Amino acid sequence: MTQFSDLKLDPKVLKAIAEAGYTTPTPIQAQAIPHALEGRDVLGIAQTGTGKTASFTLPLITRLGRGRARARMPRSLVLAPTRELAAQVAENFDTYAKHTRLTKALLIGGVAFGEQDKLIDRGVDVLIATPGRLLDHFERGKLLLTGVEVMVVDEADRMLDMGFIPDIERIFGLTPFTRQTFFYSATMAPEIERITNTFLSNPARIEIARQATASETITQELIELPATRRDGAAKIKREALRAIIEAEGDKLENAIIFCNRKVEVDILAKSLTKHKLDAAPIHGDLDQSLRTRTLERFRAGELRLLIASDVAARGLDVPSVSHVFNFDLPSHPEDYVHRIGRTGRAGRSGKAVSLMVPADKKYLDAIEQLLQRELPRGTAPQLDIGKPVAEPEAAKDAAPRRAHSVSKAKAAAPAPTPEPAAAPAEVASDTKETQNANLYNLDTAKAPRGGRGQSRQRQDNRGNDNRGAVVGMGDHVPDFLLREFRIA
DNA sequence: AAAAAAC
């Protein structure tokens with residue numbers, strides 16, 4: 001089997017790899033690095049957690065080993081869709097370039113220009129950036145991209161989702177066509193295909209087959225919660241979540257809890273904190289320095305619960321998360337896969353628990369359709385609904401305004417707008433019913449629907465010999481995570 | 001319908 005020492009990497013890079021404790025490259029590293037070192041373009045079709053980042057940083061550092069940076073003319077450029085991902089690439093670069101004299105700058109939004117300007121003026125070998133901030137620097141005339149020898153586009157499919165493709169095309173156009181290009185995407189949507197045809201030249205196409213021993217590392221569970229009035233769903237979910245967290249006890253070392261909306265992230269983080277749980281929010285409306293600090297605390301094990309929007313769904317490298325919760329089922333089924341992929345990494349076991357209310361049924365259907373299997377149904381915790389816990393009950397009197405707890409959480413937000421025609425009918429009966437149903441014990445284990453699950457297996461195992469391979473610098477990835485998604 | 005990313 002290939003070892004890092006068999007690859008023609010710079011000895012200084014090999015030394016740093018060894019010091020980081022790795023000996024064996026992951027499949028994508030073993031396949032991409034030789035082509036990259038020959039100077040070929042690389043098209044990598046792979047998910048996060050496969051060791052993708054090092055598959056470009058290692059040859060990049062090797063290739064830039066000779067030569068020096070000139071002022072305002074970076075020698076290489078790495079583009080990532082989110083600030084956190086860009087920061088992660090920068091860390092990876094630092095790890096493996098530590099015995100070289102190569103320099104880097106991280107250009108992301110949300111932070112001051114001053115320091116970034118200084119680094120660019122001095123000249124950097126590697127520029128790592130999100131597209132918006134990079135173009136901002138360029139337009140201010142601070143930056144020339146004509147010296148770029150190597151360009152990397154990471155997570156291109158996500159760039160597509162986020163509307164960055166025009167920016168990416170423009171940036172490609174600012175770099176010399178003689179550059180070497182590494183391009184990574186989890187899927188090959190037609191638009192992505194078009195870009196690669198335009199900007200890559202005879203690339204080595206590397207597609208990572210899923211690994212044979214898989215998905216046992218993530219235990220998935222769906223908790224179905226009872227129907228309620230619209231504004232009651234979130235509250236019931238919060239209660240259920242707390243009950244589950246409590247029931248997991250010490251097994252829950254740390255967890256990421258995903259919500260679909262930023263406001264929900266804030267409300268949930270506050271609510272959990274109020275209930276004496278160690279929780280903090282992360283989403284795109286929060287100050288960048290806070291985002292960075294929160295993530296650092298979480299990585300360092302100083303924070304147990306990270307409440308997140310989908311800013312954290314993909315790509316974030318948080319090595320050991322014991323649990324992932326979907327407080328809301330994601331509306332894009334691929335996001336389900338990305339979210340739960342934050343646990344069960346590096347061969348460790350992980351648990352992914354999703355909460356569902358009846359209104360989310362359509363999302364569940366889409367997820368099960370994508371996974372080609374049913375999510376195992378778990379038992380809902382017993383909830384003392386009807387007894388006010390720490391949060392005051394929703395208005396019992398006729399006026400169906402909003403729950404006190406919510407209005408409190410929203411105090412900081414701009415003037416609360418009136419609820420657009422709240423659910424009319426069954427309001428009256430609701431309170432009584434929930435009071436009687438003091439205990440919800442929903443054992444809703446359903447017989448699996450017709451055998452659509454098993455029929456389709458292993459068809460995309462491409463016969464690579466990496467089964468059972470020791471996986472260095474990447475993580476163990478369940479097989480269904482590596483399946484290609486169809487873009488609806 | 002929402003999230004992310006530029007000021």
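Values below: every heavy atom of this structure, side chains too, minus hydrogens, waters and symmetry copies. Owing to the predicted nature of the structure, the values given are computational and were not obtained by experimental measurement. Throughout, protein chains are lettered first and strands after them, A, B, ... in sequence-line order, and every chain is numbered starting at 1.
For A:K276 and A:E246, the salt-bridge test fails: no basic side-chain N is under 4.0 Å from an acidic carboxylate O. Of the charged side-chain nitrogens involved, none lies within less than 4.0 Å of a carboxylate oxygen, so that A:E91 and A:K104 do not count as a salt-bridged pair. Taking a cutoff of 4.0 Å between a charged side-chain nitrogen and a carboxylate oxygen, A:R293 and A:E296 do not qualify as a salt bridge.
Protein chain A contacts DNA chain B from B:dA1 to B:dC7, reading 5' to 3' and using non-hydrogen atoms of the protein with a distance under 4.0 Å.
A:S309 comes within 4.0 angstrom of sugar-phosphate atoms only, judged by non-hydrogen atoms across all strands, and of no base. Counting any heavy atom pair closer than 4.0 Å across all strands shown, A:R291 reaches sugar-phosphate atoms only and no base atom. Counting any heavy atom pair closer than 4.0 Å across all strands shown, A:H283 reaches sugar-phosphate atoms only and no base atom. At the heavy-atom level, A:G163 lies nowhere under 4.0 Å from the strands shown.
Minimum interatomic distance between A:R304 and A:E253 (heavy atoms only, all atoms of both residues): CG-O, 3.2 Å.
Here the two rings, on A:Y184 and A:F56, have centers that are under 6.0 Å apart.
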Applying ring-ring contact (aromatic ring centres under 6.0 Å, His included), run through A:F113 and A:H137 and close with a yes or a no. CA-CA 8 Å; A:F113 280 94; A:H137 278 284; 5.1 Å; yes
